[in-house]
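Right, one structure below, let's go through it.
Quick note on labels: first sequence line is chain A, next is B, and so on, each numbered from 1. FYI, side chains are in, hydrogens and waters are out, and symmetry mates aren't considered; it's all heavy atoms of this structure.
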Amino acid sequence: MKLDKSNFSEWYDTVLRESGLYDYGRYPVKGMGVWMPFGFKLRRLVLDNIVRRILDETGHEEVLFPVLIPKTLLEKETEHIRGFEGEVYWVTKGGHEELDIPLALRPTSETAISYMESFWISSYKQLPMKLYQIVPVYRYETKATRPLIRLREVSTFKEAHTAHESFEDADKQCKEAIEIYKRIYDELGIPYMINMRPSWDRFAGALYTVAFDTVMPDGRVLQIGTVHHLGQNFTIPFEVRFQRKDEEVDYAWQTSYGISDRIIAALIAVHGDDRGLVLPPKVAPIQVVVIPIPQKDEELDKKVREVAKEITEGLKEKGWRVVLDDRDDKTPGHKYYEWELKGVPFRIEIGKRELEGELTVARRDIRKRTKVKREELDQKLKEMSEEFFNNIKEKAWEFMRSRIVQTDDLEEAKELVEKRMVVEVPWCGRKECGLRMDEEVGRVLGMPLDKDAKVKGKRCITCGREAKVIVRLAKTY
RNA sequence: GGGGCCGUCGUCUAGCUUGGUAGGAUGCCAGCCUGGGGCGCUGGUGGUCCCGGGUUCAAAUCCCGGCGGCCCCA
């Protein structure tokens with residue numbers, strides 16, 4: 001099997017399946033795939049070790065809402081339903097009977113949650129209320145679907161929903177959400193831009209939307225997280241009212257923020273190489289593989305296997321996720337390729353040489369071997385895990401930075417977007433010009449929040465008026 | 001939303017133009033042989049030729065419809 005990451009589309013599809021992560025394109029429903037055992041483990045480690053841990057640490061509580069939402073609820077907030085109506089799956093029958101009220105497979109849960117919050121919230125003392133759930137959501141995508149990137153069944157949707165006493169509190173919550181997402185993506189070594197989406201590209205029903213975007217190996221931008229200030233847009237129609245300390249009754253202020261399967265898509269895409277996956281040790285389902293090198297001499301061979309087993313058990317006791325590959329119908333070289341495809345960070349080779357001297361540990365990211373004393377193995381692996389992670393993280397950030405460029409010229413901007421670069425250009429801030437850029441140059445990602453976006457003395461690239469801010473443009477998924 | 005390409009054992013693919021026995025590689029299984037980067041040999045396994053309909057004595061091949069995948073443009 002040959003892998004070539006420069007042909008990203010093919011690389012991505014092949015790696016997903018061949019590494020045993022996700023089987024896509026064979027299940028007979030468009031836009032729906034199957035998490036295989038190895039992929040499920042990775043997904044669970046990312047969710048449990050990173051996403052859930054950080055949300056729990058920051059005072060969020062996990063809940064679980066039904067997948068079905070009655071039409072009447074979904075339609076309560078008019079702007080919201082307008083944004084989604086074209087892509088909702090409807091359950092209209094139960095057995096042979098037509099349902100009185102059609103039930104939607106949730107495309108997102110703002111309406112369901114607001115409905116219940118109207119019962120739960122009555123006093124400022126209950127606020128803020130910070131809930132989240134990790135559930136599948138359904139969207140009848142009309143564009144081409146792609147595994148983990150554009151699905152009709154988004155199998156993993158982490159959606160947080162918070163309610164607050166005031167606009168300012170909700171605003172502060174959005175800032176917290178941004179910090180949380182920084183932590184999550186930093187822990188995975190996934191680089192990101194933070195962009196304030198333009199008014200015409202907000203979440204349906206939001207006052208503003210902030211997005212996390214990353215750059216995929218082919219230069220296209222992938223949105224990997226969003227944060228919305230919902231104002232009172234849902235609490236008014238759903239009558240989520242509470243009494244303030246000053247005894248006035250007000251509608252609560254909400255935010256919502258989500259991360260989907262794309263977190264895994266990005267993880268795979270930004271770190272992988274021509275041999276397959278490269279997984280950060282923290283989330284790798286298998287962190288270490290031990291491979292005994294068979295020996296002609298029977299006595300020696302037995303000894304090698306014994307030591308391999310001891311090393312494996314020793315690491316297990318120390319808490320490492322480790323596998324002993326003692327299959328004897330495969331040659332060591334064959335095994336190397338297999339485990340490299342699966343992104344196992346460390347490989348310990350144990351043969352004749354290791355019986356006398358030090359152990360051989362191979363690192364997946366740089367594909368180099370080092371010698372490690374047996375008694376120092378646990379400690380060294382810890383150190384190497386850190387170096388490993390820092391290395392792949394830095395490489396990923398370097399790549400993303402190299403794809404972001406600036407220009408003040410419309411034609412040049414077009415060319416750069418055509419070359420799959422993210423282009424930063426001065427903008428007057430008027431919607432008219434923004435839409436024109438959207439149409440003629442590239443998708444408007446919005447105003448950068450990860451750097452100073454104010455500009456002075458520059459002209460808008462479309463109309464020539466004085467520019468107010470920088471906006472980012474790119475090809476997107 | 002518009003345009004294009006494609007669908008054949010698990011995977012990659014030949015065959016389709018000109019209708020007539022579905023062939024290879026890889027994988028998988030068994031045995032032998034090997035073993036520090038995909039070893040080799042022998043044998044075996046595996047195909048509703050995406051689905052439905054039509055034309056025909058005969059369809060993987062031609063025609064129509066559908067489903068699914070990929071690419072480009074908006």
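- For the residue pair A/T360/A/E354, the side-chain donor-acceptor check at 3.5 Å is satisfied.
- Remark: P of B/U34 and CD1 of A/I293 are 17 Å apart, rounded to the nearest angstrom.
- Nucleotide B/G10 holds its P atom 15 Å from the CE atom of A/M36, rounded to whole Å.
- Using a 4.0 Å heavy-atom criterion, one finds that A/R369 contacts the bases of the nucleic acid, with or without backbone contacts as well.
- Separation of the C1' atoms belonging to B/C50 and B/G68 is 7 Å when rounded to the nearest angstrom.
- B/G15 and B/G23 have their P atoms separated by 15 Å, given to the nearest Å.
- For RNA chain B, the stems formed by at least three consecutive Watson-Crick or G-U pairs, with both atom-pair distances below 3.5 Å, span B:1-7 with B:67-73, B:10-13 with B:23-26, B:28-32 with B:40-44, B:50-54 with B:62-66.
- One atom, CG of A/D328, and another, P of B/C39, lie 14 Å apart when rounded to the nearest Å.
- At a cut-off of 3.5 angstrom, counting only N and O atoms as typed in the model, there is no donor on one side facing an acceptor on the other between the side-chain of A/R275 and the base of B/G38.
- For the P atom pair drawn from B/G19 and B/G1, the interatomic distance equals 39 Å after rounding to whole Å.
- B/G27 and B/G54 have their C1' atoms separated by 38 Å, given to the nearest Å.
- Candidate nucleotides B/C39, B/G10, B/G37 were compared by shortest atom distance to the side chain of A/R347, and B/G37 ranks first.
- Under 3.5 Å, the side chain of A/E338 and the base of B/G37 form no donor-acceptor pair of N or O atoms.
- Aromatic ring centres of A/F203 and A/Y208 lie farther apart than the 6.0 Å criterion allows.
- Rounding to whole angstrom units, CG of residue A/D274 and P of B/G37 are separated by 20 Å.
- Close to B/G1, at under 4.0 Å from its OP1 or OP2, lies a side-chain N or O of A/T142.
- Comparing the same atom, C1', in B/A60 and in B/C51 gives a spacing of 14 Å after rounding to whole Å.
- As rounded to the nearest Å, B/U55 and B/C64 have P atoms that lie 15 Å from one another.
- Between A/C174 and A/V210 the shortest side-chain heavy-atom distance does not fall below 4.5 Å.
- Counting atom types as modelled, A/E354 pairs a side-chain N or O with a base atom of B/G36 as donor and acceptor under 3.5 Å.
- Note on A/K335: nothing from the nucleic acid sits closer than 4.0 angstrom, heavy atoms only.
- Among the nucleotides B/G36, B/G35, B/U11, the one closest to the side chain of A/T360 is B/G36.
- The closest side-chain donor-acceptor pair between A/Q133 and A/S109 falls under 3.5 angstrom.
- For the pair A/K330 NZ and B/C29 C1', the computed distance is 10 Å after rounding to whole Å.
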Base versus backbone protein contacts along nucleotides 67-74 of chain B [heavy-atom cut-off under 4.0 Å; B, S, -]: -SSSSSSS
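- Taking the P atoms as reference points, B/C71 lies 15 Å from B/C12, given to the whole Å.
- For the P atoms, the distance linking B/A14 with B/C73 amounts to 27 Å, nearest Å.
- No side-chain donor from either of A/E153 and A/S155 sits under 3.5 Å from a side-chain acceptor of the other.
- Using cut-offs of 30° and 60° on the angle between ring planes, the pair A/Y185 and A/Y192 is tilted.
- A ring-centre distance under 6.0 Å is found for A/Y22 and A/W35.
- In this pair, A/F212 and A/Y181 present their aromatic rings perpendicular. The plane angle is above 60°, beyond the 30 to 60° band.
- A straight line from CG of A/D329 to P of B/G35 spans 16 Å, rounded to a whole angstrom.
- Regarding A/H334, its NE2 atom lies at a distance of 13 Å from the P atom of B/U26, rounded to whole Å.
- The minimum heavy-atom distance linking A/A265 with A/M216 is given by the pair O-CE, 4.1 Å.
- The only member of A/K468, A/R472, A/M437 that meets side-chain contact (heavy atoms from CB on, under 4.5 Å) when paired with A/W427 is A/M437.
- Applying the 5.5 angstrom centroid cut-off and the 30 degree plane-angle cut-off, the aromatic ring of A/Y337 is stacked upon the base of B/G38.
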- request: Give the intermediate values and the outcome of side chain to side chain contact (heavy atoms under 4.5 Å, CB included) for residues A/R403 and A/M421.
  value: CA-CA 5 Å; A/R403 306 296 298 206; A/M421 304 297 275; 3.8 Å; yes
